[in-house]
Protein chains: 2
Amino acid sequence: MARRSDHSRDEIREMALSAVEELVSKKGYEGLSARKVAAAIGYTVGTLYLVFENLDDLVVQVNARTLDRLNLQMMEAVGEIGDDRQRLMSLGQSYIRFAEEDPHLWEMVFKHRVPRNGQLPAWYQEKVSRMFAQVERCLKPIAGHKTPGEIAQAARALWGGVHGICILAVTGKLGGVGVESVPDLAESLLINYLDGFTGSRNP
Amino acid sequence: MARRSDHSRDEIREMALSAVEELVSKKGYEGLSARKVAAAIGYTVGTLYLVFENLDDLVVQVNARTLDRLNLQMMEAVGEIGDDRQRLMSLGQSYIRFAEEDPHLWEMVFKHRVPRNGQLPAWYQEKVSRMFAQVERCLKPIAGHKTPGEIAQAARALWGGVHGICILAVTGKLGGVGVESVPDLAESLLINYLDGFTGSRNP
DNA sequence: ACCTGAACACCGTTCAAGT
DNA sequence: ACCTGAACACCGTTCAAGT
C-alpha cells in the first residue's frame with residue numbers, strides 16, 4: 001500500500017466528517033473512536049492525523065456542521081410566519097425538533113469541552129452568536145423600549161431556558177411521571193417569560 | 001499480597017467515591033479512569049470491581065452524592081427568607097453558586113448517560129424529584145389559583161431554564177462578549193417568568 | 001507526497017491464582 | 001474470603017519506513 005491517492009485531502013476530510021456523524025448518530029458520543037472512523041472510510045488511523053489535528057479537532061468540525069444545520073432549520077421555521085409572538089414559539093419548537101430528531105449529534109455540541117486552552121475558535125463562536133441573533137431578531141418587534149443590551153440578555157436567558165429543558169429531557173432528569181412534554185414545557189417558559197418581558201397583560 | 005483486609009468493603013467504597021470526587025473536581029470527567037481511582041486508594045483495579053458493578057456504577061454513586069449536596073445547599077438557601085419571590089431568587093442563585101464552585105462535578109451529573117437500558121434507578125430519580133419539589137414549594141405561595149400540575153410544570157420549565165443558562169456558561173457557549181453574567185441571566189429569566197406566571201403586573 | 005504499520009502509553013473488564 | 005497480576009480487547013497519537 002502507501003501512496004494511494006484514491007481521494008484528495010478534501011475528500012478524505014468530507015468522508016471522515018460523514019463517518020463521525022453516522023457513528024455518533026447511531027452509537028452516541030461515547031461510541032466514537034478515531035480507529036472506528038478510520039475503518040469506516042477505509043484508511044488507517046494515521047491518515048486521520050494528516051487531515052485533522054486530533055480527535056478533538058474532528059469533533060469540533062462536526063459540531064460546526066451540526067450548528068449550521070440547526071441555524072438553517074431555525075431560519076426556515078420562522079420564514080413564513082407573520083405574528084411576532086408566534087415566530088418565537090416556532091423558533092423554540094424548531095430547536096426542540098432538532099434536538100429530538102438527532103439527540104446524540106445535538107448533545108455532542110454541548111458535551112464537548114475544549115481540549116487545553118478552554119477557548120473555541122472565533123469562527124465557531126460566530127455560529128453560536130448567529131443562533132442568538134435569530135432569537136434577538138424575533139424579540140425586537142415585541143420588545144418595546146428595551147435597549148439592545150436588554151434584548152441580547154433576554155435572548156440568552158430564553159434560549160438557555162429552552163436548551164436546559166431539552167437537556168433535562170434527553171438525559172432523563174425531568175424526574176416526573178412523564179406528564180411534561182418538552183414542547184409544552186418550552187411553551188410554558190416562552191409564554192410566561194414573554195408576558196413578563198413585554199408586560200402584555202397590562203396594556 | 002492478596003488478603004489484606006486493611007479496610008472493610010464499606011471503607012473501600014467510601015475511599016473510592018472520595019477519590020473520584022477529587023479526580024473529577026480537578027481534571028474533569030474526561031480525566032477519570034478506573035485505574036487512576038484504584039491507584040489513588042492504594043488498591044488494584046480488580047478490587048474496584050468487587051465493590052462496584054463497573055465504572056458507570058461508580059459514576060452514578062458519585063452523582064448521587066453530588067445531588068444530595070446540591071439539595072442540601074438549596075434547602076439552606078431558602079431557610080431564613082420570608083418574601084416568596086425572594087426565596088425563589090435565592091434558590092436560583094444557590095443552584096448557580098453550586099455549579100460555579102465545582103463545575104466538573106456538577107457537569108458530570110448531566111453529562112453521564114446511563115449504560116445500556118437507558119433508565120436510572122428509582123432512588124436516583126427520587127433525588128432529582130426532591131430538587132423539583134423544593135422549587136414547587138417556593139412556587140406554591142405565589143401561584144394563585146394554579147393547579148398542582150401547572151405548578152409542577154412551572155417548576156420544571158423554570159429549573160430547566162436556570163440549568164440551561166449554567167450549561168451554556170460552563171461550556172463557553174453564551175456567545176457574547178461577556179456582558180452577560182450567569183446570575184443576571186438567571187434573574188432575568190426568573191423575574192420575567194414569574195411576572196408572566198403570576199400576572200403580577202396587572203393586579 | 002501520501003499512506004501504512006507498528007509502536008507507545010494508556011484504557012475497561014475479567015478471572016485464575018495466590019494467601 | 002479477599003485481593004492480585006496478568007490477560008484481553010480496546011483506546012489516542014506518533015513516526016520511521018515503504019512506494
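So that the names make sense, note that chain A is the first sequence line, chain B the second, and so on, each numbered from 1.
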Problem - Ranges pairing with ranges for DNA chain D, where each run has three or more Watson-Crick or G-U pairs under 3.5 Å - result: C:4-8 with D:12-16, C:12-16 with D:4-8
Practice task
Determine, for A:R130 against A:E126, whether the closest basic-nitrogen to carboxylate-oxygen distance falls under 4.0 angstrom.
Solution key: yes
Exercise for the section: Report, as a single string ordered 5' to 3', how protein heavy atoms within less than 4.0 Å touch nucleotides 6-13 of chain C: B base, S sugar-phosphate only, - not at all. Expected result: -B---BBB
Exercise for the section: Fit a plane to each ring of A:Y95 and A:W106, take the angle between them on a 0 to 90° scale, and name the class: parallel (under 30°), tilted (30 to 60°) or perpendicular (over 60°). Expected result: perpendicular
Exercise for the section: Mind calculating the distance between CG (A:L50) and P (D:dC15) to the nearest angstrom? Expected result: 12 Å
Handout entry: Atom-pair distance (CD1 on B:I41; C1' on D:dC3), nearest Å
Key = 12 Å
Exercise for the section: To the nearest Å, give me how far apart CZ (A:R9) and C1' (C:dA1) are. Expected result: 12 Å
Fill in the blank from the handout: Taken to the nearest whole Å, CD/B:E11 to P/D:dC3 is 11 Å
Problem - A:E11 (side chain) donor-acceptor with A:S8 (main chain) under 3.5 angstrom - result: yes
Handout entry: Sidechain N-carboxylate O distance under 4.0 Å for B:R87, B:D84
Key = yes
Practice task
Between A:T47 and B:Y43, name the one whose nearest nucleotide on DNA chain D is closer to the 5' end.
Solution key: B:Y43
Handout entry: All side chain to side chain contact (heavy atoms under 4.5 Å, CB included) counterparts of B:R97, not counting sequence neighbours
Key = B:Q73, B:S94, B:E101
Handout entry: NZ/NE/NH1/NH2 to OD/OE distance under 4.0 Å, B:D184 and A:R156
Key = no
Practice task
Validate the cation-pi geometry between A:R69 and A:F98: distance from NZ or CZ to the six-membered ring centre under 6.0 Å, angle to the ring axis within 45°.
Solution key: no
Exercise for the section: Of all the heavy-atom pairs spanning B:Y193 and A:L189, show the shortest one and how long it is. Expected result: CE1-CA, 3.6 Å
